[in-house]
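All values reported here derive from a predicted model rather than from experimental measurement.
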Amino acid sequence: MGRIEPVSEHSGASSTADFWLSILLPRLSRADTCSSAYVSTLRNERAAVASLLLILDARINACAPVSRLPPEVTSTIFSYLLGQERYEHTEVAGHVARTVPWVRLTHVCRQWRHVFLNNAALWRHLVLPLPPKWSEVLLERSQHAPLMITFSTEGLDRKTSRPPQPHWLPVATLERVDYIETFGYEGDEGLDQLLRTPAPLLEDAQLDGVRSSYLFADNAPRLRVLNMSGAHAFPWTASFFPNLVDLKVDKVDESSQSAAEYVAGLRRLSRIETLHLRYCLKPFSSAQPSYTSQISLPSLRVLWIAGRVSQCVGFLRHMQAPDMIALHVVCHANGLSDFSMVYPFLAPRRGYVADPFRYIGFYSTDAYRVTVSGGLTDEDCAVCRMFDLRWKTSDRVVDCVRALCEEIGVRHLRVLSMNLSAGVTDPLLSRETWLDEFGAAVELHTLETSGKAGMALCMRLSASTDSDGTCQPQPPGAMRGESYILWPRLRTLKLEGVSLARCFSQDDGVQEGDESFGVSVGEVLLRALERRQQRGAPLGKLALIRCGATRQWLRRAEDSVGCVSATGDKT
């Protein structure tokens, strides 16, 4: 076909139709309308017109804004899309397998297909199991780009699907792989054999349940990030250790390893910045530190350990970490007294008085199981000390709260979270307990609580000052006769599961004659909010979760609080 002349923007549709008809009709008029050749001519003309329409459609598509994007930008957009949803699952003959839905993007238009086929990075991520033909296609189109391989049973029905057999594996070695992740493939012989091959390009390995003793053939010079969980043993003597910057070890078999092997391996982590050791510190429970067994990690920035108190303390005694690190400790203790063993390692060497805890949270699922979390943070640097103490206790939760507050102090608390379940006979936190244990936290700016503890808090806030400015029982350190506001810097209050419609009674520890007796929790809270506003200490934010707040109540609260939100209720 000849060259198509551009159509003027001012030419009308009639002139365009006339032009094409003037060309087509003379060709058709010379044909014999009764012969078979005429039908063949019509078909040929129709095929030519269809080809012409494809050319016109391609030119129209090329004028669209999305088609004028540079190929590099289009490839970047596709890479984000692939990161969101790479694979979907289909069931064929009782077996669930993955398919590659994003390949449909290559069917949209010629330009998108060209971008996809010419960008090897878009084809380099394999999530197995995949049908063998898809594995072959991905390997071919990834060309020589480094591969990312994920072995995962997520989304597959384990009753009808089995992990891929060795002949399903798309690669025999890890020579092209720079990222590998395994999940749910414990004991797979093909995978174990693959993990024993050299990995010269590997930079990140996330391994779950592997049993390979000769990991990566001791040849992974570029490995920087290693996460192993549920392994039969950990390769503390591997040659690639000195290059690691991020190491996470979780629940590995400790039966065949000693504290000396741990120490020797950790000493080789000269570049390590982030170290997580979860439930794998048993060899340190009885190990005594010595000058030759000290571990010095000069580049360490984050240390996260978990286990029994004796194991965590034994490990920390071997450590010589920089002062300016983030330390997270999760302990399973036999009693609250075990906290005194861990506490000396939580406070930085600059001293407890200079660096008190500024966050503490109490959580319980029943009257005898308690979790306490606390932390020290400095907004100007990366210093952070966090602990999470979990224990079963025969004592009352209130006694545990009191003991821990005496141990760490509360004067400099800024964030307090109190999510305690209901006790057997009485509220876990009375309004007196709120005042006695936390009344001295003059820097408190965020408070979260739930249940009966939240009801008692509403009474405590309301009783901090009464309407004529005289004082109720004062917090520790307050001058007699001095007017005060409890927690004057409090700006955020979050209540969860506190029924605003419930009225206080003797069951809540409120006696007749008390100003809160027979009054709803919501009304008591509104009084407290109004009084704080009048005394120059208004809340900036009030968040209610499943508290039964009505629209009328919320409108009243908005008069005293800058921002009020309620979720989980039909207001």
_Between Met228 and Val210, does the side chain to side chain contact (heavy atoms under 4.5 Å, CB included) criterion hold? Intermediate values first, please._
CA-CA 8 Å; Met228 288 189 67; Val210 299; 3.6 Å; yes

*asked:* For Thr492 and His445, which I'm curious about, is there any donor-acceptor pair between the side chains at under 3.5 Å?
replied: no

_Ring center gap for Phe234 and Phe241 short of 6.0 angstrom_ = yes

_For the backbone of Asp218 and the side chain of Ser239, can you confirm whether one donor and one acceptor N or O come within less than 3.5 Å of each other?_
yes

*First locate atom CE of Met319, then atom CD1 of Ile305, and finally report the distance between them rounded to the nearest 0.5 Å.*
9.0 Å

*asked:* Ring centres under 6.0 Å, that's the criterion: do Phe183 and Phe151 meet it?
replied: no

_Main-chain N/O of Pro146 paired with Arg124 side-chain donor or acceptor, under 3.5 Å_ = yes

*Test Arg222 against Asp178 for salt bridge (charged side-chain N to carboxylate O under 4.0 Å, His left out), laying out the working first.*
CA-CA 9 Å; Arg222 296 188 180 182; Asp178 68 353; over 6 Å; no

_Expected output: side-chain Ser67 to main-chain Cys63 donor-acceptor under 3.5 Å_ = no

*If only atom types and distance count, is the side chain of Asn243 paired as donor or acceptor with the main-chain N or O of Pro221 below 3.5 Å?*
yes

*Okay, side chain of Glu261, backbone of Ser258: is any donor-acceptor separation there less than 3.5 Å?*
yes

*What distance do His114 atom NE2 and Asn119 atom CG have between them, rounded to the nearest 0.5 Å?*
10.5 Å

*Does Lys282 NZ have over 12 foreign heavy atoms under 6.0 Å away?*
no

*Got a donor-acceptor contact below 3.5 angstrom from the Tyr262 side chain to the Cys280 backbone?*
yes

*Give the intermediate values and the outcome of side chain to side chain contact (heavy atoms under 4.5 Å, CB included) for residues Val415 and Ile360.*
CA-CA 7 Å; Val415 180; Ile360 189 170; over 6 Å; no

*asked:* Donor-acceptor check, side chain of Trp123 to backbone of Ala145, threshold 3.5 angstrom: yes or no?
replied: no

*Decide side chain to side chain contact (heavy atoms under 4.5 Å, CB included) for Leu247 and Thr274; before the verdict, give the C-alpha distance in whole Å, the side-chain angles of both, and the deciding distance to 0.1 Å.*
CA-CA 6 Å; Leu247 173 62; Thr274 302; over 6 Å; no

*Atom CG of Leu226 and atom CG of Asp204: how far apart are they, to the nearest 0.5 Å?*
8.5 Å

*Between Arg278 and Trp304, does a side chain to side chain contact (heavy atoms under 4.5 Å, CB included) hold up when you go through it step by step?*
CA-CA 8 Å; Arg278 290 168 46 89; Trp304 205 103; 3.1 Å; yes

*asked:* For the CZ atom on Arg308, are there more than 12 heavy atoms of other groups (residues, nucleotides or ligands in this structure) within a distance under 6.0 Å?
replied: no

*Pairing of Glu443 and Arg411 as salt bridge, 4.0 angstrom limit*: no

*Counting distance only, does the side-chain N/O of Arg267 pair as donor-acceptor with the main-chain N or O of Gln294 below 3.5 Å?*
yes

*Over 12 foreign heavy atoms within 6.0 Å of NE2, His144*: no

_Take a 6.0 Å sphere around CH2 of Trp236 and say whether it holds more than 12 heavy atoms from other residues, nucleotides or ligands._
yes

_Side chain Ser450, main chain Asn419, donor-acceptor under 3.5 Å_ = no

